Amino acid sequence: MAAPVDDMFSRCVDPAKASNNVDVRFIDNVKGKGLFAKRPFKKGDTIFIEQPLVSSQFLWNALYKYRACEYCLRALETAEENARRLSGLPALSLPHPELCKVRPDRHQACPQCQVMYCSAECRQAAWEQYHKALCLGQSHDDPDHPVNKLQDAWRSVHYPPETSSIMIMARMVATIKQAQDKERWRRLFSSFCSRTANEEEEIVHKLLGEKFQGQLALLRNLFTTALYEDRLSQWFSPDGFRSLFSLVGTNGQGIGTSSLSQWVHACDALELPSQQREQLDAFIDQLYKDIDKETGDFLNCEGSGLFLLQSSCNHSCVPNAEASFPDNNFLLHLSALSDISPGEEICISYLDCCQRDRSRHSRHKILRENYLFICSCQKCMSQMDDADMTSEEDEEVEGEGETEGDDMEDEMTDV
């Protein structure tokens, strides 16, 4: 059963405003539902801000000391602490430390299991929604506790770069266990995109690799031992667990938070004399070089969440909206990338900027493998007559066609 329309807006920061801005409509049996504008938006406008039903930091990300609030994923390190760890420079001092918005004096630990939250409000919200059922108490560091065994098993089958977490599923179960209105929460979770059995197999295979059947059975057994609930018995059956796994893999929206990124954005907004601006920009450029050398691409606290309204957004290779997390927590801001007219479908892209610039065949290959659909957006339809080859094959063909003179011209151009 799909969630009622009013439920679709229930996790928005301002549900009434969001419901006046957008509408969720059924399109067809191929695309399913979609999100449509009810009023005009200008480029840069915020369409809505939404909190996830559940979210979780990735397990490897947490193990590698990316410290985040257990509830809202807000980065817990100060910008300076973050910069020191990522750059490997323990004596590093950041200029303008007052621009860092992290407040360690507000951080609170769960008194039973000591997991950390950015505030008393987040600690209470987690306790009331799911943490009461998941709190390990004094067994937090016990490797034989069923929840810890489940997390270790997940880390052993899903390596970085991470795209999902078994703890999203655990928090779904715990939320329903603790909820007074259990049926409402079941309805909310059931509103996400569902798949056929064959598609579910493909998604699980993608997440777990070649040995996915055996690994899925192992995870289900550990999941059942740790969390079994009679009223959710179907989620613990082989077919139900696979469906739940597929739901999270299909609908999970990545979340990234960083106190350092927030500090950099705040520095960019400073009005400074030209010499001070040049010095600050040079400092930040060097810092990112040091971080790249020491840590590489993994800069953020990373996780994923299930967003009820945002999940209605379909993909386009020419998106007119994008999701971001400018508050350094799990609040998703959907913003217009271009002017949007009333009645126009609001689409995001499941591809990054580089992938969107690749050939139609390359884009379709990525979307088929990861999301199990063939895109029919305006850009893809306009390129229907393009050759069916990937961007890499395009480059090889172009390379084979170059003559010695072409090489010489390239060298001269490079100089």
Side-chain angles (χ1 to χ4, degrees), residues 53-64 70 112-113 115 126 129-179 182 185-186 188-190 192-252 303-306 372:
L53 289 173
V54 287
S55 61
S56 177
Q57 186 179 8
F58 293 146
L59 292 177
W60 278 106
N61 190 257
L63 194 67
Y64 284 139
E70 275 286 310
Q112 279 78 38
C113 67
V115 297
Q129 183 180 335
Y130 56 76
H131 188 63
K132 191 185 301 184
L134 290 175
C135 182
L136 304 190
Q138 298 302 311
S139 301
H140 184 255
D141 295 320
D142 179 4
D144 291 325
H145 191 284
V147 173
N148 285 333
K149 290 175 75 171
L150 177 66
Q151 293 184 86
D152 287 342
W154 176 256
R155 277 191 289 262
S156 73
V157 299
H158 190 67
Y159 294 98
E162 299 170 272
T163 58
S164 191
S165 174
I166 195 77
M167 293 310 293
I168 293 276
M169 298 164 60
R171 289 181 179 180
M172 291 170 69
V173 171
T175 293
I176 293 178
K177 277 187 175 185
Q178 289 189 208
K182 299 182 189 302
W185 278 96
R186 287 176 63 115
L188 290 174
F189 288 133
S190 71
F192 288 96
C193 171
S194 58
R195 299 288 187 175
T196 66
N198 287 340
E199 288 175 331
E200 289 174 354
E201 291 265 329
E202 288 189 55
I203 292 166
V204 175
H205 192 174
K206 185 71 179 176
L207 284 172
L208 298 183
E210 290 301 320
K211 300 177 182 178
F212 79 98
Q213 288 285 15
Q215 292 166 341
L216 189 65
L218 169 65
L219 289 170
R220 186 179 72 83
N221 288 337
L222 292 170
F223 191 76
T224 302
T225 301
L227 297 159
Y228 185 77
E229 168 71 22
D230 273 336
R231 284 164 292 195
L232 296 172
S233 58
Q234 67 182 78
W235 283 7
F236 295 89
S237 69
D239 288 346
F241 184 73
R242 184 191 62 205
S243 296
L244 190 63
F245 205 94
S246 171
L247 181 152
V248 171
T250 302
N251 296 282
S304 66
L306 295 177
L372 309 185

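The figures that follow rest on heavy atoms only: side chains count, while hydrogens, waters and symmetry mates do not. Everything quoted here is computed from the prediction, not taken from an experiment.
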Can you name the closest pair of heavy atoms from [X] and [Y] and give their distance?
| X | Y | result |
| --- | --- | --- |
| S304 | S164 | OG-CA, 4.3 Å |
| G240 | S237 | N-OG, 3.0 Å |
| K182 | I176 | NZ-O, 2.9 Å |
| V248 | M172 | CG2-SD, 4.0 Å |
| A174 | A133 | CB-CB, 3.9 Å |
| L53 | F192 | CD1-CE1, 3.5 Å |

Check: residues 134-145 side-chain donor-acceptor pairs under 3.5 Å, at least two apart:
{"from": "D142", "atom 1": "OD1", "to": "D144", "atom 2": "N", "distance (Å)": "2.9"}
{"from": "H145", "atom 1": "ND1", "to": "V147", "atom 2": "N", "distance (Å)": "3.1"}

**Asked** For F236, what residues pass the ring pair (Phe, Tyr, Trp, His ring centres under 6.0 Å) criterion, not counting sequence neighbours?
**Response**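 By the ring pair (Phe, Tyr, Trp, His ring centres under 6.0 Å) rule, F236 matches F223, Y228.
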**Request:** Could you pull out all residues at least two apart from W154 that satisfy ring pair (Phe, Tyr, Trp, His ring centres under 6.0 Å)?
**Result:**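 Checked W154 against ring pair (Phe, Tyr, Trp, His ring centres under 6.0 Å); matches are H158, F245.
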Using side chain to side chain donor-acceptor pair (under 3.5 Å) as the criterion, list what pairs up with [X], not counting sequence neighbours.
| X | answer |
| --- | --- |
| T175 | Q129 |
| N221 | none |
| E70 | R171 |

Using 0.5 Å steps for rounding, measure from the [atom1] atom of [X] to the [atom2] atom of [Y].
| X | Y | atom1 | atom2 | result |
| --- | --- | --- | --- | --- |
| I168 | N251 | CD1 | CG | 11.0 Å |
| S246 | L216 | OG | CG | 10.5 Å |
| L59 | R155 | CG | CZ | 5.5 Å |
| K132 | K177 | NZ | NZ | 13.0 Å |

**Request:** Apply side-chain contact (heavy atoms from CB on, under 4.5 Å) to the pair L232 and R186, showing each step before the final yes or no.
**Result:** CA-CA 9 Å; L232 296 172; R186 287 176 63 115; 3.3 Å; yes
**Prompt:** What pairs meet the salt bridge (charged side-chain N to carboxylate O under 4.0 Å, His left out) rule with one or both residues in residues 223-233, with sequence neighbours excluded?
**Reply:**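 Sorted pair list: E229-R231.
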Taking C-beta and beyond as the side chain, do [X] and [Y] meet within less than 4.5 Å on heavy atoms?
| X | Y | value |
| --- | --- | --- |
| M169 | L227 | no |
| F241 | T224 | no |
| L306 | L188 | no |

**Message:** E162: which residues meet the salt bridge (charged side-chain N to carboxylate O under 4.0 Å, His left out) condition with it, sequence neighbours left out?
**Reply:**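 Partners of E162 under the salt bridge (charged side-chain N to carboxylate O under 4.0 Å, His left out) test: none.
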**Prompt:** Partners of R220 by salt bridge (charged side-chain N to carboxylate O under 4.0 Å, His left out), sequence neighbours excluded?
**Reply:**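 For R220, no residue satisfies salt bridge (charged side-chain N to carboxylate O under 4.0 Å, His left out) once neighbours in sequence are set aside.
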**Request:** Taking side chain to side chain contact (heavy atoms under 4.5 Å, CB included) as the test, write out the residues that go with K149, two or more places apart.
**Result:**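 If we apply the side chain to side chain contact (heavy atoms under 4.5 Å, CB included) test to K149, skipping adjacent residues, the hits are L222.
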**Request:** Check the pair F189, L244 against side-chain contact (heavy atoms from CB on, under 4.5 Å), reporting the backbone distance first and the verdict last.
**Result:** CA-CA 10 Å; F189 288 133; L244 190 63; over 6 Å; no
